[in-house]
Structures are given as C-alpha cells and as structure tokens.
Amino acid sequence: MKTSEMTPQQLAEACSEALHSSDQAAQAMGMTIEEIAPGYAKLSMPVRKDMLNGHAISHGGCMFTLCDTAFAHSCNTYNRSTVASGCSIEYIAPGFEGDVLTAVAQERSRSGRTGVYDITLYNQKGDELAFFRGKSYQIKGTLIPED
C-alpha cells in the first residue's frame with residue numbers, strides 16, 4: 001500500500017514495524033510492541049536474570065532502554081526519521097527477575113523538527129517504576145519509502 005493511501009494509524013503501525021525490524025538491541029532484550037498510534041507507543045519486556053544488577057534488581061540501564069525504545073517508536077510514527085536530542089529518567093521503584101515491564105510513551109508536544117514525549121514505566125501489577133522524558137529531533141529520511 002502506498003504511504004499516501006494509509007490512514008495515520010496504518011502509517012504509525014508500518015513505521016513501528018520497520019523500526020523494530022532493524023532494532024537488534026530491542027529484539028535481543030525481548031521487547032514486544034503492544035500498541036502503536038500516532039505519537040503513542042506501548043512496549044513490554046520481561047526482566048531476565050541477565051538483566052539484574054549487583055543488588056539483584058532490574059538494571060537501570062535495561063529499564064532506560066525499554067523507555068528509550070518506546071520513546072523512539074512514539075516519535076517515529078509519522079514516517080519522518082526522528083532521533084533523541086536528550087532524555088532523562090527518574091527511578092521510583094525497582095523491577096525484579098520475572099517481572100514484565102511496560103513502557104507507555106505519549107507525545108506531549110510536536111512542532112517543526114522537535115518534540116517532547118513522556119514515558120511511564122510500569123510492572124505487570126500496574127505499579128509505576130520510572131518516569132522518562134525524551135526530547136526528539138527530526139533528521140533527514142523516512143522509515144518506509146514514500147510514493
């Protein structure tokens with residue numbers, strides 16, 4: 001289907017699929033795309049033993065990576081190659097081996113080449129574990145060829 005014939009939802013899903021198919025890190029970490037919409041993404045990831053730090057809790061870098069990946073999916077739903085220009089995270093509670101973490105990314109602002117996105121990280125019980133804010137910058141290129 002031509003990109004010009006796609007609905008915004010279809011375009012968002014196609015962009016997310018294209019992004020994920022090339023994301024070796026996300027695949028290696030077992031990330032799954034749960035839901036995509038324009039400016040929105042929901043991704044999940046199981047916490048494995050090899051993702052634990054020296055305190056036997058989920059490594060902050062793994063939690064950050066899930067949030068960052070959800071951020072990437074949410075800001076790339078418009079078929080304009082977009083990267084992070086900055087991001088920060090606040091850890092509220094730990095994750096544990098066997099948990100399934102879910103990052104929900106929501107667009108807060110998108111104007112010109114920049115955007116702001118908030119991502120909340122949850123465990124399978126719905127407890128909030130972290131708050132992540134990402135700032136995006138649109139670069140040249142697309143995720144899928146335009147017609």
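Count residues from 1 along the sequence.
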Open item on the list: Let's go through Ser136 and Phe71 carefully: what are the C-alpha distance in whole Å and the side-chain angles of both, what is the deciding distance for side-chain contact (heavy atoms from CB on, under 4.5 Å) to 0.1 Å, and is it a yes or a no?
Closed with: CA-CA 9 Å; Ser136 67; Phe71 166 45; 4.0 Å; yes
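- In terms of modelled atom types and a separation under 3.5 Å, the side chain of Gln27 and the main chain of Ser21 share a donor-acceptor contact.
- Under the 4.5 Å side-chain criterion, counting only non-hydrogen atoms from C-beta, Phe64 is in contact with Tyr91.
- Residues Phe131 and Leu101 do not share a hydrophobic cluster, clusters being chains of Ile/Leu/Val/Met/Phe/Trp/Tyr side chains in contact below 4.5 Å.
- Contact annotation: the side chain of Cys67 approaches that of Ile89 to within less than 4.5 Å [non-hydrogen atoms, C-beta and beyond].
- Considering every non-hydrogen atom in both Ser16 and His73, the closest pair reads OG-ND1, 2.7 Å.
- Nearest heavy atoms, Asn79 versus Thr142: O-CG2, 3.2 Å.
- By the criterion of side-chain heavy atoms lying less than 4.5 angstrom apart, applied directly or through intervening Ile, Leu, Val, Met, Phe, Trp or Tyr residues, Leu11 is grouped together with Met1 in one hydrophobic cluster.
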Open item on the list: Could you walk me through whether Leu43 and Thr102 satisfy the side-chain contact (heavy atoms from CB on, under 4.5 Å) test, starting with their C-alpha distance in whole Å, then the side-chain angles of each, then the deciding distance to 0.1 Å, before giving a yes or no?
Closed with: CA-CA 6 Å; Leu43 276 69; Thr102 300; over 6 Å; no
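- Side-chain contact between Phe132 and Cys87: present, with at least one pair of heavy atoms (C-beta onward) separated by less than 4.5 Å.
- Here the straight-line distance linking atom CD1 of Ile119 with atom NZ of Lys42 works out to 15.0 Å at 0.5 Å rounding.
- Distance check: Arg110 CZ to Ser74 OG gives 11.0 Å after rounding to the nearest 0.5 Å.
- Using a 4.5 Å cut-off between side-chain heavy atoms of Ile, Leu, Val, Met, Phe, Trp and Tyr, with links allowed through other members, Met63 and Ile57 fall into different hydrophobic clusters.
- The heavy-atom pair separating Ala56 from Phe96 by the smallest distance is O-CD2, 4.3 Å.
- Under the 4.5 Å side-chain criterion, counting only non-hydrogen atoms from C-beta, Leu129 is not in contact with Ile92.
- Taking all atoms of both residues into account, the shortest heavy-atom contact from Ala14 to Ile144 is CB-CD1, 3.8 Å.
- Inter-residue side-chain proximity for Met51 and Glu97 is flagged as unmet; no heavy-atom pair is nearer than 4.5 Å.
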Task: Candidate pair Asp23 and Met31, rule side-chain contact (heavy atoms from CB on, under 4.5 Å), full reasoning - done: CA-CA 10 Å; Asp23 191 337; Met31 291 183 199; over 6 Å; no
Open item on the list: Between Val100 and Asn123, is the side-chain contact (heavy atoms from CB on, under 4.5 Å) condition met? List the steps.
Closed with: CA-CA 6 Å; Val100 176; Asn123 65 15; over 6 Å; no
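- The shortest side-chain heavy-atom distance between Thr32 and Met45 does not fall under the 4.5 Å cut-off.
- Within the structure, the ring pair (Phe, Tyr, Trp, His ring centres under 6.0 Å) test picks out no pair touching residues 5-42 (sequence neighbours left out).
- Applying the side chain to side chain donor-acceptor pair (under 3.5 Å) rule to pairs touching residues 43-59 yields Glu34-Ser44, Arg48-Asp50, sequence neighbours excluded.
- Taking CZ of Arg80 as the reference point, atom CZ of Arg113 lies at 11.0 Å (rounded to 0.5 Å).
- Summarising the geometry of Pro38 relative to Ala12, their closest heavy-atom pair is N-CB, 3.8 Å, with the distance given to 0.1 Å.
- In this structure a side-chain-to-backbone donor-acceptor pair under 3.5 Å is present from Asp147 to Thr3.
- In this structure, Asn76 contributes its side chain and Leu143 its backbone to no donor-acceptor pair below 3.5 Å.
- The side-chain heavy atoms of Leu121 and Leu66, taken from C-beta on, include a pair separated by under 4.5 Å.
- Within the 4.5 Å cutoff, the side chain of Glu17 has no heavy atoms near those of the Ile36 side chain.
- Within the model, atoms OG of Ser4 and CE of Met6 stand 9.0 Å from one another, a figure rounded to the nearest 0.5 Å.
- More than 12 heavy-atom neighbours from other residues, nucleotides or ligands sit within 6.0 angstrom of CD on Glu146.
- Residue pairs meeting the salt bridge (Lys or Arg N to Asp or Glu O under 4.0 Å) criterion with at least one partner in residues 127-145, sequence neighbours excluded, are Asp118-Arg133.
- The nearest pair of heavy atoms linking Thr114 to Tyr137 is CG2-CD1, 4.0 Å.
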